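Input: a single structure, listed below in structure tokens.
Computed from a predicted structure; not experimentally measured. Each ligand, and each atom within it, is numbered from 1 in the order the structure gives.
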Amino acid sequence: MALFRGVVFLDGSSVSLPRSALSLNLPAMAKSKTKRAKGKKHHAAVEPMLEFGDRWDYAPAPESTPVPLKKRYPLYIGGKFVAAKSGRVFRSINPASGKKLTDIAAGGPEDVDRAVKAARKALAGPWGKMPAAERGKFLYRIARMVQERSRELAILETMDGGKPIKESRDVDLPLVAAHFFYHAGWADKLEYAFPGRKPKAIGVCGQVIPWNFPLMMAAWKLAPALACGNTVVLKPAETTSVTALHLAEIIADSGLPDGVVNIVTGKGSAGAAIVDHPDVDKVAFTGSTRVGKQIAAAAATSGKRLTLELGGKAANILFDDAPLDQAVEGIINGIYFNQGHVCCAGSRLLVQESVYDKVMRKLSDRIKTLRVGDPLDKNTDIGAINSKAQLQRIRELVDCGVAEGARLHQSKCKLPSEGYWFKPSFFTGVTASHRIAREEIFGPVLSVMTFRTPEEAIERANNTCYGLSAGVWTDKGSKIHKVAAELKAGVIWANTYNKFDPASPFGGYKESGFGREGGLQGLAAYVDIS
Ligand code: TAP
């Protein structure tokens, strides 16, 4: 029986195709057939280009219905929503339009001082005396309320930060709830977490977080601190403060005693005021390595406990025995998830030379399918760059990559005319000395390099001042173990990327910081077991 070579469509119709076209997409196949029919020479070795992109329009998702924002967001101190002492506010911008979303209270040192006093008072009050199991109940309650309001929170996260709704809805919000649920379970089991010790709360924790996962970073900080009986003063990033203040509403509605959680929005100086405040017992900072170093210097003489979650320049290592299609999905997820605004982004791709051409071809084809645009559209893969300043930084580093001799490849996708956008891009011809191989771009830009042997891959991967994360793609379990054991990175994914779980500790080596968030190790950062 003759073998049918063609495509059967879902409506039952079919079309026969030449053998050379079987691995290609339909529009391209149709074209190559037409050309041959006109008698043009057919080069079997040259695969026609795949065409994707703007062909399809999808109906909007229910999530694209806007959520009303308040005209002005106050601070949350001592269980009350209050204006900044100075009365000042700053504008929060929707990065997808460049237009103002709302005004946020600009907290300063005097507001931080009020918040620290409220947190200290709460420690001495009902919170400090509360049985651990009761403490846990508040965390369970907050987790459930986050779930109930997840649609609203996901939309706000996307409007405020520019990330695609499918990510805020399917990744950020579930992880926020999961962190509260997970730590709720630990609240009354700390003696089992640290057997033989008498774990106690540290005291008032000052927490400063970045803009790339605003609500998730708030949950990563608040949940373990509360589970261990501490009180908190939290400062969200300036460009993404809205969801932290909606979380404050949830916290207020949960009945958590006043002053246990205080949220002070404001500029970097408000973060510095938290770090420098003499009555703060522990500082937990997530952000850039530059600011992390300043905080480490400030904390060094103060005796405060400190954890730092800083930047990264992760190597995603692809061996020639890896399942390449799966690996390409991991590369795409590794660098283009959240527009590349990810501390653990797989921003350096190391490909084994023998599969380099194949991988580059697959990667180029896959990038063409990425939809860039309205973050509230459920089909958008890449949303808006978080701020004008971040867009400028990405452009500067990309220009530098071109000037230093690397080759820039970019999707041809159209970008919206308003707001802050950058096309998904990758560089080839990158050397270890290029800035794009050394510095965190924090945007949708991948730097591709090659290697020949596992030893060379390890050496190249470790050739960075960072050490937050890495990826290994290979069919061989033994190779995974050998390579992972020699990589200097806090988190290593094998044949996958960007997988997070509250039970799994996350954190870095070297200039990526110290301390862990999540799991038992994350709890240890919030208890005094001396
Ligand atoms: P930063 O500029 O360092 O800002 C982080 C936070 O610190 C913001 O709330 C910021 O306030 C505040 N801040 C600024 N200057 C400060 C100072 N002198 N003292 C205390 N606080 C200060 O980082 P970013 O641009 O928001 O975030 C991106 C960085 O975070 C990247 O490097 C990324 O890799 C890192 N990150 C790391 C992780 C982990 S887990 N390692 C996770 C996410 C992000 P303003 O917003 O008002 O400036």
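- Remark: distances from the non-hydrogen atoms of Phe285 to ligand 1 include one below 4.0 Å.
- Contact annotation for Leu310 and ligand 1: only backbone heavy atoms (N, CA, C, O) come within less than 4.0 Å of the ligand.
- In terms of polar-atom proximity, Gly268 is counted as a contact of ligand 1, with an N or O under 3.5 Å from an N or O of the ligand.
- Only the side chain of Phe506 comes within 4.0 Å of ligand 1, judged by heavy-atom distances.
- At a heavy-atom cutoff of 4.0 Å, ligand 1 is contacted by no atom of Val342, backbone or side chain.
- Under the 4.0 Å criterion applied to side-chain N and carboxylate O atoms, Arg290 and Glu440 are not assigned as salt-bridge partners.
- The residue His341 has no part lying near ligand 1, judged by heavy-atom distances below 4.0 Å.
- Among all protein heavy atoms, the one lying closest to atom 38 (C) of ligand 1 is Cys343 SG, 3.0 Å.
- Counting protein heavy atoms only, atom 24 (P) of ligand 1 is closest to Trp211 NE1, 3.3 Å.
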Only distances under 3.5 Å count here; give the side-chain donor-acceptor pairs of residues 201-219 to other protein atoms, sequence neighbours excluded, each with its distance to 0.1 Å.
| unit_1 | atom_1 | unit_2 | atom_2 | d |
| --- | --- | --- | --- | --- |
| Gln207 | NE2 | Lys221 | O | 2.9 |
| Gln207 | NE2 | Tyr526 | OH | 3.0 |
| Asn212 | ND2 | His341 | O | 3.2 |

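- Summarising the geometry of Gly78 relative to Asp258, their closest heavy-atom pair is O-CB, 3.4 Å, with the distance given to 0.1 Å.
- With a 4.0 Å cut-off on non-hydrogen atoms, Gln390 does not touch ligand 1 at all.
- One distance of note links CZ of Phe427 with CG of Leu397; it measures 9.0 Å at 0.5 Å rounding.
- Shortest contact from atom 46 (O) of ligand 1 to any protein heavy atom: Glu238 N, 2.8 Å.
- A distance of 8.5 Å separates CH2 of Trp473 from CD of Glu329, quoted to the nearest 0.5 Å.
- If you look at Pro236 next to ligand 1, the close heavy atoms, those under 4.0 Å, all belong to the backbone.
- At a threshold of 4.0 Å, the pair Arg169-Glu157 does not count as salt-bridged, since none of the basic side-chain nitrogens sits closer than that to a carboxylate oxygen.
- Using a 4.0 Å cut-off between charged nitrogen and carboxylate oxygen, Arg435 and Asp399 do not count as a salt-bridge pair.
- Under a 4.0 angstrom heavy-atom cut-off, Gly266 registers as being in contact with ligand 1.
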When the side chains of residues 66-75 are checked against the rest of the protein, which donor-acceptor pairs come out under 3.5 Å, sequence neighbours left out?
| unit_1 | atom_1 | unit_2 | atom_2 | d |
| --- | --- | --- | --- | --- |
| Lys70 | NZ | Glu249 | OE2 | 2.2 |
| Tyr73 | OH | Lys70 | N | 3.2 |
| Tyr73 | OH | His246 | NE2 | 2.7 |

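- Residue Thr286 touches ligand 1 through backbone and side chain together, judged by heavy-atom distances below 4.0 Å.
- Salt bridge Asp279/Lys117: absent, no basic N to carboxylate O contact under 4.0 Å.
- The protein non-hydrogen atom at the shortest distance from atom 43 (C) of ligand 1 is Asn212 ND2, 3.2 Å.
- Across Gly507, Ser269, Pro210, Gly287, heavy-atom proximity to atom 35 (C) of ligand 1 is greatest for Gly287.
- Taking distance alone, with nitrogen or oxygen atoms compared against 3.5 Å, Lys235 approaches ligand 1 more closely than that limit.
- Here the shortest heavy-atom pairing between Ile317 and Ala461 reads CD1-CB, 3.9 Å.
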